[in-house]
Amino acid sequence: MAVIYQKSAYLNDVKRHYCPGCSHGIAHKIVGEVLEEMGLLEKTIMVAPVGCSGLLYDYSNTDGIHALHGRAPAVATGVKAVHPDKIVYAYQGDGDLISIGTGETVSAAARGENITVIFANNSIFGMTGGQMAGTTLVGEKTSTCRDGRNPQVDGYPVGVCEMLAPLQGAKYIARASLHDVPHILKAKQMIRTAFEYQLNNRGYSLVELLCACPTNLKMSPTDACRWVGEEMTKTFPLGVFKEE
Amino acid sequence: MKQLMKGNEAMAEAAVMAGCRYYFGYPITPQNEVPEYMSWRLPQVGGVYKQAESELASVNMLFGAGAAGGRAMTSSSGLGISLMQEGISHICACEVPAVILNVARGGPAIGSIQPGQADYYQMTRGGGTGDYHMIVYTPGNLQEACDLIQLAFDKADQYRNAVAVYVDGCIGQLMESVEIQPRTPDPKYQDKPWAATGWDGKSRPKARFTSVFMDAAKCEAHNDHLQEKYRIIRETETRLQCVDTEDADIVLVAYGTTARICTSAKRMAEKAGIRVGIVRPITVWPFPYRQVQEACAHAKAVLCVEMSAGQMLDDVKIALNGTKPSYLYYRLGGMMPAAKDICREIVRLNEEVR
Ligand SMILES: Cc1ncc(C[n+]2csc(CCOP(=O)(O)OP(=O)(O)O)c2C)c(N)n1
Ligand code: SF4
Ligand SMILES: [Mg+2]
């Protein structure tokens, strides 16, 4: 029987703990497909975050290092210093990357570290039960802003791509969404470009992926995806912010 | 060949000569000469220097480099070491080799930039979470500091753990004559099949570093494994130096530059006819409890001298376990004890316990 579709060799058979409709699984899948298609699996060293995707090192067939909350870019910097010829990438959630880890993120980009960051932005702290994150939309309800994020009290969400793109060390900065198949295919293309940047020693690359967390949005998976496509993209417009 | 060198630069060179190739750090007085030296020296030997944006970042870069199989170090002073605590417990939990140099100043918090020893709790008890330890060397002079920095890299590899060298700012700042020999990394530990280098799926198990255990029973088993390692370290890695303790009436316990000052105080007190011994712990974790008790067996009283308000005294009391009276003399905030003041304390104590 001919195999017409199978999961990438990047992913193993360990049982995932993700909720139904969670985008983390899709993100891992396309990252894995890109690495496999580019023939990079054996030279990849992955840095996992603290957050729902924190067990990624157990799901992937690559060497994996678990960073403390927010410190993945610093860990990746250390790994890359030792192995400049390997592909080093960090996978980070929004709490990880833009709440507790802003300093490491901005500094790694500013230094132009030749690493790739895959940024899973689901607008919320998924793992700890749905608190407000640095990327929570104005008006979005979370367990620490029950009436919706109020800028007077809670301030505004941060556009990570908009913030990083002006930095000279940041070379490829793009935002995609995982809410439907055409967008997933576009995201995959951007991830490929990001790894090509690293392969060609061009400097810091980051792809932000708008993700659904149906559990904490308290929506069905379908509604959560619709919300990502219709609402999240208003605050976080899709596209390539820098390609240099 | 002996050379006259500034402490911080000599310690940095000693690390390079022991094969250190990766350094991550953030400036803080009194250790700035370490990153400054590394920034030009490491590229000469094919290494990498990174100026981190904070000590939070430097300790996590150190973790990444160690996990990737590199011989790596960071250095800082108390405040910066405070920011590293979460990272140090993660390094120990993940079993990654790492070397950390603390050139200590007066505390608490920003304190002063003069020499201090008030990071004793921080270094020996740590501020990170959970039951972890790092080996902590407390050299008494620059030569010993250079030798122990070199040893620290081998011990970090041997135990896959953080190893610290903890000196007061005096050792970092003073110029002394030192001999720095190249030290070949111990070949027993240079094969690192556990390191993250990229995985081909067959020639070794996948490299995996984490301190997370979703299952409490597995977390306990991991802890038991670490505790077994710490037990072996406690049994085999304690170091100390004892001088004239066999027939001493008063035994001084001190480390680092304070121990050096105690040597002068001992000489002064001996002129007054008092028999004085000195115990100098060279590891403060593991603390040489048994050896300290033995060294004090003949003493009438034990005087702990430190640049902290009785932090090491806790360990001395554990060592003595009520067998001897113990006393404390200290200076704080970057002020160093003077030999004549220690001597006066010895004389007073000698009267008291006669
Ligand atoms: C130092 C520290 N502070 C807080 C936490 C608790 N914590 C775990 S995950 C998390 C938020 C993760 O959110 P995000 O990065 O958005 O990932 P998600 O779960 O949404 O994928 C927090 C606050 C921690 N593990 N460490
Ligand atoms: S809580 Fe949200 S982010 Fe976490 S696994 Fe569930 S859906 Fe995914
Ligand atoms: Mg999140």
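Per chain, numbering begins at 1; letters A, B, ... match sequence-line order. Every value quoted in this text rests on a predicted model; they were computed, and no experiment measured them.
Of the two parts of A:Ile45, only the side chain, counted from C-beta on, holds a non-hydrogen atom closer than 4.5 Å to a non-hydrogen atom of chain B. Contacts between A:Ile87 and chain B at a heavy-atom distance below 4.5 Å are absent for every atom of the residue. Proximity to chain B is limited to the backbone of A:Ala67, based on heavy atoms less than 4.5 angstrom apart. Neither the backbone nor the side chain of B:Ala72 comes within less than 4.5 Å of any heavy atom in chain A.
Residues B:Phe24 and A:Gly78 come closest through the heavy atom pair CZ-CA, 4.0 Å. A:Ala74 approaches B:Ala57 most closely through the heavy-atom pair CB-O, 3.7 Å. Closest approach of B:Gly64 to A:Val79, counting heavy atoms only: O-CG2, 3.5 Å. Across all non-hydrogen atoms, the minimal contact from A:Leu68 to B:Gly87 is CD1-CA, 3.6 Å.
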Report the donor-acceptor contacts between chain A and chain B below 3.5 Å as a table, one pair per row.
residue  : atom : partner  : partner atom : Å
A:Glu42  : O    : B:Trp199 : N            : 3.3
A:Tyr57  : O    : B:Lys206 : NZ           : 2.5
A:Tyr57  : OH   : B:Thr210 : OG1          : 2.8
A:Asp58  : OD1  : B:Arg208 : NE           : 2.6
A:Asp58  : OD1  : B:Arg208 : NH2          : 3.3
A:Asp58  : OD2  : B:Arg208 : NH2          : 3.1
A:Ser60  : O    : B:Lys206 : NZ           : 2.6
A:Asp63  : OD1  : B:Arg204 : NH1          : 3.1
A:Asp63  : OD1  : B:Ala207 : N            : 2.8
A:Asp63  : OD2  : B:Thr197 : N            : 3.0
A:Asp63  : OD2  : B:Gly198 : N            : 2.9
A:Asp63  : OD2  : B:Arg204 : NH2          : 2.6
A:Gly64  : N    : B:Ala207 : O            : 2.9
A:Gly64  : O    : B:Phe209 : N            : 3.1
A:His66  : N    : B:Phe209 : O            : 2.8
A:His66  : O    : B:His90  : NE2          : 2.7
A:His66  : ND1  : B:Thr210 : OG1          : 2.8
A:His83  : NE2  : B:Ala68  : O            : 2.8
A:His83  : NE2  : B:Ala196 : O            : 3.2
A:Lys86  : NZ   : B:Thr197 : O            : 2.5
A:Arg111 : NH1  : B:Glu53  : OE1          : 2.8
A:Glu113 : OE1  : B:Lys50  : NZ           : 3.4
A:Glu113 : OE2  : B:Lys50  : NZ           : 2.8

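Annotation: B:Ile113, atom CD1; neighbour count of heavy atoms from other residues, nucleotides and ligands within 6.0 Å does not exceed 12.
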